[in-house]
Amino acid sequence: MPMRRAYLAALLWVILGACGAEEPERQAPELQASVTEPAPPIPVWLDVDPAIGIENGEVDDGLAMIQAFHSPEIAVRGVSVVYGNTTFENAVPIARELVERFGAPGLGVFPGAADAAQLGVETEAVRALASALERERLTVLALGPVTNVGSLLRLRPELAERIDRVVVVAGRRIGQSFRVPGGTHTPFRDFNFELDPVAMQVILESSVPLELAPWEVSSHVWLRAEDMAALAERSDSGRFVAERTASWLARWKQNLDADGFNPFDTLAVGWVTHPTMIEWSEVAVWIEEGEDDVSPGSGARKPYLLVDPERDGGRRARYAHRPMSEFQALLVDRLAGPPVAQP
């Protein structure tokens, strides 16, 4: 204000104080603006290969779907199905059952690629994802082989700019072996990547922001029989999870002498819902051929999706490597539910 107005205002304040007037209540005009409003849910597309409930079938996609449907931080806009953990004929009805039980009313389930040979084929899943991206920007959670995502980018490359990020469950550091700590078993494969490395190369050659939630980050989280027993007592959702994971727990015990299992894909969902709970590094990422670590000495070779935080240049990605200890309890809570209505 001009000097004269400032002087008069100060003088009036002194006079009021001398007369014993109470200081007026001070308002903070910015107070309401500074109160943090809940962030709107992140629009997410799930691309999955569920096998939960099949005897000895891998359960992580199914758990990740339930976790996602119970997470108010995200809004699932659609579910596409890809081959991987089981036959395509099994995966589609499992996905539909999970959506019917736990998903938002009317949420679509769209069959996609039945094998890697369908990279570049316009499936129902590709059409649905393209349509969703035309309506709004999305985070794509690719929890199985990335054939559907690769097909979208081949057929509709202009939609790459509509993808906020694609989170892929794959990748490893140079020389890293996927083993249960202390185990002597044959290493796990980088399964999702190895089923369609060509589709992964399509993503690497695109401009889509890439995030990797690999075996490394999931290797720190264990779900055990006592977790399942506690879940069964908590809710219908928990009981469903406990029943559908029983044979998977038994398989890990028999084959790996492990008292639990790593819930691989759930870390990808958790990274989107609770990013501050997971440590990550920016890395260079590329595909390189090397000796097959599953059959060393055989002369067999295979491609590896490799990362290096020290390497400069090249394709960049965010690489998740360690969750906070609180993540396991959060995951159990999300599996227990109850479902949160999706917008």
Side-chain angles (χ1 to χ4, degrees), residues 44 46-71 74 76 79-87 90-92 94-95 97-99 101-103 140-146 167-172 178-180 187-195 211-225 227-228 231 237-238 240-253 255-256 258-274 278 320 323 327-328 330-337:
V44 164
L46 296 179
D47 189 60
V48 298
D49 58 332
I52 190 170
I54 297 175
E55 185 69 21
N56 294 321
E58 193 159 352
V59 302
D60 52 316
D61 283 78
L63 298 186
M65 290 176 69
I66 296 169
Q67 172 195 7
F69 295 143
H70 290 175
S71 294
I74 62 178
V76 179
V79 176
S80 53
V81 181
V82 69
Y83 66 96
N85 287 325
T86 183
T87 64
N90 287 336
V92 172
I94 291 172
E97 180 191 14
L98 292 171
V99 167
R101 280 178 174 265
F102 304 106
V140 178
L141 279 163
L143 306 184
V146 294
V167 183
V168 177
V169 181
R172 70 173 81 197
F178 296 175
R179 295 180 188 271
V180 172
F188 302 129
R189 291 188 178 276
D190 195 356
F191 188 71
N192 292 339
F193 164 70
E194 291 182 32
L195 286 183
E211 299 185 355
L212 302 175
W215 169 86
E216 181 176 344
V217 70
S218 64
S219 68
H220 299 286
V221 180
W222 288 88
L223 292 179
R224 296 182 167 86
D227 298 310
M228 295 303 136
L231 273 169
S237 174
F240 176 90
V241 168
E243 291 171 355
R244 296 296 179 95
T245 57
S247 68
W248 190 240
L249 271 168
R251 182 177 177 182
W252 276 60
K253 182 63 177 177
N255 295 349
L256 306 174
D259 291 327
F261 63 88
N262 303 130
F264 305 114
D265 296 345
T266 65
L267 276 295
V269 176
W271 195 3
V272 175
T273 62
H274 292 77
I278 296 181
F327 179 83
Q328 198 265 358
L330 170 70
L331 174 59
V332 171
D333 285 343
R334 291 295 163 92
L335 295 176

Assess the residue pair L223 and V332 against the criterion (side-chain contact (heavy atoms from CB on, under 4.5 Å)); give the C-alpha distance rounded to whole Å, side-chain angles, the decisive distance to 0.1 Å, and a yes or no.
CA-CA 8 Å; L223 292 179; V332 171; 4.0 Å; yes

Could you go through F102 and F240, starting from their C-alpha distance and side-chain angles, then the distance that decides it, and tell me whether this counts as ring-ring contact (aromatic ring centres under 6.0 Å, His included)?
CA-CA 11 Å; F102 304 106; F240 176 90; 5.3 Å; yes

Taking I74's backbone N and O only, do any of them form a donor-acceptor pair with S71's side chain (distance below 3.5 Å, no angle check)?
no

Show the numbers, then the answer: is there a side-chain contact (heavy atoms from CB on, under 4.5 Å) between D227 and Q328?
CA-CA 10 Å; D227 298 310; Q328 198 265 358; 3.2 Å; yes

Show your working on ring-ring contact (aromatic ring centres under 6.0 Å, His included) between F327 and H274 and close with a plain yes or no.
CA-CA 9 Å; F327 179 83; H274 292 77; 8.0 Å; no

Strictly by side-chain hydrogen bond (donor to acceptor under 3.5 Å, both in side chains), give each pair with a member in residues 55-67 just once, sequence neighbours left out.
D61-N85

For A320 and P214, the nearest pair of non-hydrogen atoms, with its separation, is O-CD, 3.2 Å

Quick check with a 6.0 Å cut-off and a 45 degree axis cone: is R172 positioned over the face of F178's six-membered ring?
yes

Atom CG of L143 and atom CG of D47: how far apart are they, to the nearest 0.5 Å?
7.5 Å

Separation of T86 OG1 from I94 CD1 (nearest 0.5 Å)
6.0 Å

From CG (L98) to CE (M65), nearest 0.5 Å:
4.5 Å

Decide yes or no on side-chain contact (heavy atoms from CB on, under 4.5 Å) for V167 and V272, but give the supporting numbers first.
CA-CA 9 Å; V167 183; V272 175; 4.2 Å; yes

Mark yes or no for whether D190, through its side chain, and A170, through its backbone, hold a donor-acceptor pair below 3.5 Å.
no

Once the angle between the rings of W222 and W252 is folded into 0 to 90°, is it parallel (under 30°), tilted (30 to 60°) or perpendicular (over 60°)?
perpendicular

Separation between CZ (F188) and CG (N262), nearest 0.5 Å, reads 6.5 Å

Can you name the residues that form a side-chain contact (heavy atoms from CB on, under 4.5 Å) with S219, not counting sequence neighbours?
W215

Would you say the side-chain atoms of T266 pair up with the backbone N or O of A64, donor to acceptor, closer than 3.5 Å?
no

side-chain contact (heavy atoms from CB on, under 4.5 Å) partners for H220, two or more places apart:
R322, P323

Taking atom OG1 of T245 and atom CD1 of I52, what is their separation to the nearest 0.5 Å?
6.5 Å

For a side-chain contact (heavy atoms from CB on, under 4.5 Å) check, start with the C-alpha distance between F261 and L63, then their side-chain angles and the critical distance, and finish with the verdict.
CA-CA 12 Å; F261 63 88; L63 298 186; 3.9 Å; yes

Nearest heavy-atom pair of L46 and A68: which atoms, and what distance?
CD1-CB, 4.1 Å

Working to the nearest 0.5 Å, report the span between CZ of F191 and CG of D49.
7.0 Å

